[in-house]
Amino acid sequence: MSRNSNAPRGPGDLVLSLRGISKHFGAVSALTGIDLDVHAGEVVALVGDNGAGKSTLIKILAGVHQPSAGTIAFAGKPVTLPDPASALDLGIATVFQDLALCENLDVVANIFLGRELNPLRLDETAMEVRAWTLLNELSARIPNVRDVVASLSGGQRQTVAIARSLLLDPKLIMLDEPTAALGVAQTAEVLNMIERVRDRGHGVIMISHNMEDVRAVADRIVVLRLGRNNGVFFPDSSNEDLVAAITGADENAVSRRAERRLAAERA
């Protein structure tokens, strides 16, 4: 699989910019002062141990939770995301780990669920054509869009969920553990689709515990630890540095190496 250059992007390509995002649930601090940038045509992997705050951050961007502090800028403008519909309307699509597919419905119905064409008198032909177009753009291996989702493999179901997220042509797509519980061949297929989404110009945030998958498609790797930023890395960063950032071992040394790497990239 090919990967775009890690060279810095032009300033006009910035899709998402978070500054100082914090989230408290009563006395519990889930996130503290999170900064994050995502550019068009870039895959940013969000990694960290369980409890690092990854899912909380994604839910804030999906409009499920509201931040306790901080600012969100999207496509260069400050925004608020009061609910999931607002996030989707703005151009932020999310594929959660459970996929939220209806197994008794076919592929077309799942892609258009809640967004049917002419809902009073469904335009089945137009929806089928559009479904095929989306799947072909992803080089998806689904033989028939009239197959029910219950008959599909795990990788094919992930494909349907990703295609559905592209229906409204969002600027940012967030994927929560997209390769979890998939076999080797299905994982390769999903990673290839993520590259195709990136190559279409969408910004992508990918949560994953699988560092091999992260290295395969990510342009940058952002580590969260205990609800805080704990380093920005690249696919060729050493396992030692990544593991240290995730676990908190020798944090000062990791921070210094990450700062030197970022300075070199920007030079």
Side-chain angles (χ1 to χ4, degrees), residues 1-21 34-47 54 57-63 70-81 84-96 130 133-140 158-159 161-176 178-179 190-208 213-224 229 232-237 261-262 265-267:
M1 288 177 288
S2 62
R3 178 169 46 239
N4 286 354
S5 168
N6 286 328
R9 316 270 173 167
D13 292 332
L14 188 63
V15 173
L16 175 74
S17 182
L18 307 183
R19 292 294 178 267
I21 295 294
I34 296 296
D35 295 337
L36 177 69
D37 290 336
V38 181
H39 297 82
E42 177 184 43
V43 177
V44 175
L46 198 59
V47 304
K54 306 182 299 297
L57 184 60
I58 290 298
K59 287 179 179 178
I60 287 174
L61 292 173
T71 61
I72 302 173
F74 192 76
K77 299 178 181 179
V79 299
T80 57
L81 304 168
S86 298
L88 192 58
D89 290 343
L90 189 64
I92 301 175
T94 308
V95 179
F96 289 107
R130 177 63 173 146
T133 299
L134 286 171
L135 293 169
N136 287 335
E137 288 176 356
L138 293 172
S139 295
Q158 188 70 238
T159 298
I162 292 174
R164 182 178 61 189
S165 75
L166 292 172
L167 186 61
L168 300 181
D169 197 27
K171 291 183 174 65
L172 176 68
I173 298 173
M174 300 187 294
L175 306 171
D176 187 5
T179 60
V190 170
L191 294 177
N192 182 61
M193 278 187 290
I194 293 172
E195 287 192 323
R196 289 185 176 276
V197 170
R198 187 262 315 280
D199 293 344
R200 282 168 49 112
H202 302 279
V204 179
I205 296 176
M206 170 185 171
I207 291 180
S208 180
D213 294 349
V214 164
R215 291 181 187 277
V217 296
D219 296 288
R220 286 186 295 121
I221 303 168
V222 174
V223 177
L224 298 187
N229 286 108
V232 179
F233 300 88
F234 295 89
D236 59 353
S237 298
R261 174 62 187 271
L262 283 172
E265 291 288 338
R266 291 169 179 166

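Both backbone and side-chain heavy atoms feed into the values below; hydrogens, waters and symmetry mates do not.
A donor-acceptor contact closer than 3.5 angstrom is absent between the side chains of D213 and S208.
Inter-residue side-chain proximity for I205 and I58 is flagged as met; some heavy-atom pair is nearer than 4.5 Å. When side chains are defined from C-beta on, E137 does not count as touching V197, because their heavy atoms never get closer than 4.5 Å. A heavy-atom distance below 4.5 Å is not found between the side chains of L46 and M206. Residues V79 and L90 meet the side-chain proximity criterion, which asks for heavy atoms closer than 4.5 Å.
Going from atom OG1 of T80 over to atom CZ of F74 covers 13.0 Å, rounded to the nearest 0.5 Å. A distance of 10.0 Å separates CD in Q158 from CG in L191, rounded to the nearest 0.5 Å. Here OG of S165 is found 6.5 Å from CG of L175. Values are rounded to the nearest 0.5 Å. The CG atom of N229 lies 4.0 Å from the CD1 atom of I34; values are rounded to the nearest 0.5 Å. Taking CG of L88 as the reference point, atom OG1 of T94 lies at 8.0 Å (rounded to 0.5 Å).
Closest heavy-atom contact between H202 and L166: NE2-CD2, 3.6 Å. Closest approach of L57 and L36 over heavy atoms only: CD2-CD2, 4.3 Å. Counting all heavy atoms, side chain and backbone alike, V222 lies closest to V232 at CG2-CG2, 4.4 Å. For G63 against A87, the heavy-atom pair with the smallest separation is N-CB, 4.2 Å. Looking at every heavy atom in both residues, L81 comes nearest to L61 through CD1-O, 3.3 Å. Of all heavy-atom pairs spanning T179 and V190, the tightest one is CG2-CG1, 4.1 Å.
We find that E42 and R220 are joined by a salt bridge, their nearest charged nitrogen and carboxylate oxygen being less than 4.0 Å apart. Using a 4.0 Å cut-off between a side-chain N of Lys or Arg and a carboxylate O of Asp or Glu, D236 and R215 do not qualify as a salt bridge.
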